[in-house]
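First up is the structure itself, then whatever we jot down about it.
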There are 2 protein chains.
Amino acid sequence: MPINKLTSKQKAVLKYIYDSIRYHKLPPTVREIAQHFKFKSTGTVRDYLKILVREGVIRITANKSRAIELVYENLFAIPILGRVQAGLPTLAVEEIEDYLNMDSLIFSETDTFALRIKGESMINAGIFSGDLVLVQKQNIAQTDEIVVAVIGEEATVKRLKKKGARYFLEPANPHYQDIIVDEQVNIIGKVISVIRRFH
Amino acid sequence: MPINKLTSKQKAVLKYIYDSIRYHKLPPTVREIAQHFKFKSTGTVRDYLKILVREGVIRITANKSRAIELVYENLFAIPILGRVQAGLPTLAVEEIEDYLNMDSLIFSETDTFALRIKGESMINAGIFSGDLVLVQKQNIAQTDEIVVAVIGEEATVKRLKKKGARYFLEPANPHYQDIIVDEQVNIIGKVISVIRRFH
DNA sequence: TTGACAACCACACAAATGTGTAGTATAAAG
DNA sequence: CTTTATACTACACATTTGTGTGGTTGTCAA
């Protein structure tokens, strides 16, 4: 926290640790720090590390290689800002509401694939032509879920609805018509997210 | 190349490496991996690492501790299907049109943040309340781009328009009104993509 | 002057860590 | 049947790495 209390040399060491994590994605070893600053002894580095720990800007774990941790750093995910103040966002701790993780898809048990939307049939659900939808492979779905169905050779994205005992696929666009689910219709997945890019 | 080619055990090892970096902020050592999976030999771990390197999802540096690096380009690659046939997609090579690189959604780790949308002012642009927008930090933008602007304490997402010599922020919803860009309005970024998740 | 502290050096030791060789068992593919 | 690949075990060796002890020099404040 009190980075101002650090001397310029201590700040330089801290910055090197920071850069090492940021660009090499790995905290440095004691000897890597020594080499960078042309220190001829690892003891010098340990003096610096002790000071940085004492000042509360890093944490280290005993007997563990590269176990230097920056106290106020969150490098991994993309911050989701809850509150934005005037000027360019500083990504200050107070502003960060949460972190966006892209990883939940990757290690999911079932396979995931993406499909590019063609047509306007789901515009009222905010799914536009050209959007990508991420689809979780499954051949059943629940009512009101947006599903991917194959009819003949065509894949279509619609909302699954039920009226009485009959299931049908409902577009989110009054200009399109419902599709009754019968033997010709195969549900192949559930839409789990929509991604749109502005080139 | 993509993660689908990995066996479930290989995925488990990859996930452990991923989690280790994510939560302990440090890639694991060979022996840490062995211990976690109760492997009685480090050789087992090395077999897995070799496979993961071969499949292009990690990189390792010789003789360097904890030097396991995730190759995000391949890690976050989800197949985009161009053609879908009846039945569950087989993810056959012929069907794959391209790969969606989740990592490429992010402009650069430092200059990108996410913002959760509140309100209905952009529904005609397919941006709904609750959606996340990825924002590239910048204080200028071009006409017709969707921007994030701060007015007082409030952040707002609108489309930047120009009429004559005057700039204004245009909502994508007829129930909302234009906002004239003046000294009170600060543009802090450009929306580069929209992400919506269905729980 | 004394003492505290930053900022170094030298060197050695033990622990942690990556690497290499040599195996076994099993299942799928040719 | 043979080959190939995955999925392990066992063990030893070399390097990397963290740690500890004991110094020196200079500065600044009490």
Side-chain angles (χ1 to χ4, degrees), chain A residues 2-17 19-21 24-71 107, chain B residues 1-17 19-21 24-71 90-93:
Chain A
I3 281 184
N4 310 339
K5 281 197 68 180
L6 300 177
T7 67
S8 60
K9 293 196 175 184
Q10 290 162 4
K11 278 184 192 170
V13 174
L14 181 63
K15 176 165 169 45
Y16 176 71
I17 295 169
D19 288 346
S20 182
I21 293 172
H24 307 313
K25 302 192 170 192
L26 211 55
T29 63
V30 172
R31 280 171 183 82
E32 280 169 0
I33 297 172
Q35 200 176 346
H36 180 264
F37 289 101
K38 296 186 170 60
F39 295 148
K40 290 174 183 168
S41 168
T42 55
T44 306
V45 177
R46 307 198 74 234
D47 285 347
Y48 277 109
L49 293 184
K50 275 176 190 163
I51 290 170
L52 294 177
V53 167
R54 190 194 64 200
E55 296 300 324
V57 292
I58 65 167
R59 273 190 292 266
I60 59 176
T61 306
N63 298 317
K64 213 171 161 186
S65 69
R66 301 181 185 276
I68 304 174
E69 208 181 325
L70 296 172
V71 172
F107 299 106
Chain B
M1 178 218 291
I3 206 168
N4 314 26
K5 280 196 70 177
L6 301 177
T7 67
S8 60
K9 291 194 177 184
Q10 290 162 2
K11 276 187 191 173
V13 174
L14 180 63
K15 176 162 170 51
Y16 177 72
I17 295 169
D19 287 345
S20 182
I21 294 173
H24 308 313
K25 302 185 175 194
L26 212 54
T29 63
V30 171
R31 280 171 183 81
E32 281 169 0
I33 298 172
Q35 199 175 346
H36 179 264
F37 288 99
K38 295 187 170 59
F39 295 148
K40 290 175 184 167
S41 168
T42 55
T44 306
V45 177
R46 308 199 74 235
D47 284 348
Y48 277 109
L49 293 183
K50 275 176 190 163
I51 290 169
L52 294 178
V53 167
R54 191 194 63 201
E55 296 301 323
V57 292
I58 66 168
R59 270 190 293 264
I60 58 177
T61 306
N63 297 317
K64 212 171 162 186
S65 69
R66 301 180 184 277
I68 304 174
E69 209 181 327
L70 296 172
V71 181
T90 49
L91 300 184
V93 180

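By convention in this document, chain letters (A, B, ...) are assigned in the order of the sequence lines, proteins followed by strands, and residues within each chain are numbered from 1. What you see is a predicted model, and the numbers here were worked out from it, not measured in a lab.
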Legend entry - Nearest heavy-atom neighbours spanning B:Ser20 and B:Pro27: OG-C, 3.9 Å
Inset, instruction - For B:Ala62, answer base if it contacts any base atom (sugar-phosphate contacts may also be present), sugar-phosphate if it contacts only those atoms, and nothing otherwise; contact means non-hydrogen atoms under 4.0 Å. - result: sugar-phosphate
Legend entry - 5'-most by nearest nucleotide on DNA chain D - B:Asn63 or A:Asn63: B:Asn63
Legend entry - Net bend of the helix from C:dT1-D:dA30 to C:dG30-D:dC1, end axes of five pairs each, nearest 10 degrees: 30°
Between the protein and nucleotides 28-30 of chain D, are there any N/O to N/O pairs under 3.5 Å, and if so, what are the atom names and distances?
none

Inset, instruction - Could you state the atom-to-atom distance from NZ of B:Lys11 to C1' of D:dT6 in whole Å? - result: 16 Å
Inset, instruction - Extract, from 5' to 3' on DNA chain C, the first and final nucleotides lying under 4.0 angstrom from some heavy atom of chain B. - result: C:dT17 to C:dG20
Inset, instruction - Evaluate the criterion side chain to side chain contact (heavy atoms under 4.5 Å, CB included) for residue pair B:Val45 and B:Val13; output intermediate values, then yes/no. - result: CA-CA 9 Å; B:Val45 177; B:Val13 174; 5.9 Å; no
Legend entry - Closest non-hydrogen atom pair, A:Phe37 against A:Ala12: CZ-O, 3.5 Å
Inset, instruction - Quickly work out the B:Leu14 CG to D:dA7 P distance and round it to whole Å. - result: 13 Å
Inset, instruction - Just jot down the side chain to side chain contact (heavy atoms under 4.5 Å, CB included) partners of B:Ile60, sequence neighbours excluded, or say none. - result: B:Val53, B:Ile58, B:Ile68
Inset, instruction - Quick one: closest heavy-atom pair of B:Ala67 and A:Leu26, and the distance? - result: CA-CD2, 3.9 Å
Inset, instruction - List in numerical order all residues of residues 40-54 of chain A for which some heavy atom is under 4.0 Å away from an atom belonging to DNA chain D. - result: A:Thr42, A:Arg46
Legend entry - Minimal non-hydrogen separation, B:Val71 against B:Gly56, with atom names: CB-O, 3.4 Å
Inset, instruction - Using the test side chain to side chain contact (heavy atoms under 4.5 Å, CB included), find all partners of A:Asp19 that sit at least two apart in sequence or belong to another chain. - result: A:Lys15, A:Tyr23
Inset, instruction - With DNA chain D as reference, determine whether B:Lys38 or B:Lys64 sits nearer its 5' end, using the nearest nucleotide of each. - result: B:Lys38
Inset, instruction - Rounded to the nearest angstrom, tell me the gap between atom NZ in B:Lys9 and atom C1' in D:dA5. - result: 14 Å
Inset, instruction - Could you tell me which residues satisfy salt bridge (charged side-chain N to carboxylate O under 4.0 Å, His left out) with A:Arg31, sequence neighbours excluded, listed by chain and number? - result: none
Inset, instruction - Quick one: which residue pairs count as a salt bridge (Lys or Arg N to Asp or Glu O under 4.0 Å) with a foot in residues 60-69 of chain A, not counting sequence neighbours? - result: A:Glu32-A:Arg66, A:Arg59-A:Glu69
Inset, instruction - Using heavy atoms and a sub-4.0 Å distance, could you list which residues of residues 28-36 of chain B are near DNA chain D? By number, please. - result: none
Inset, instruction - Please round to the nearest 0.5 Å and tell me the distance separating atom CD1 of A:Ile21 and atom NZ of A:Lys25. - result: 12.5 Å
Inset, instruction - Measure from CZ on B:Arg66 to C1' on D:dT17 and round the result to the nearest Å. - result: 11 Å
Inset, instruction - With the side chain counted from C-beta on, respond yes when A:Ile17 and A:Leu49 share a heavy-atom pair under 4.5 Å apart, and no when they do not. - result: yes
Inset, instruction - Quick one: which residue pairs count as a side-chain hydrogen bond (donor to acceptor under 3.5 Å, both in side chains) with a foot in residues 33-54 of chain A, not counting sequence neighbours? - result: none
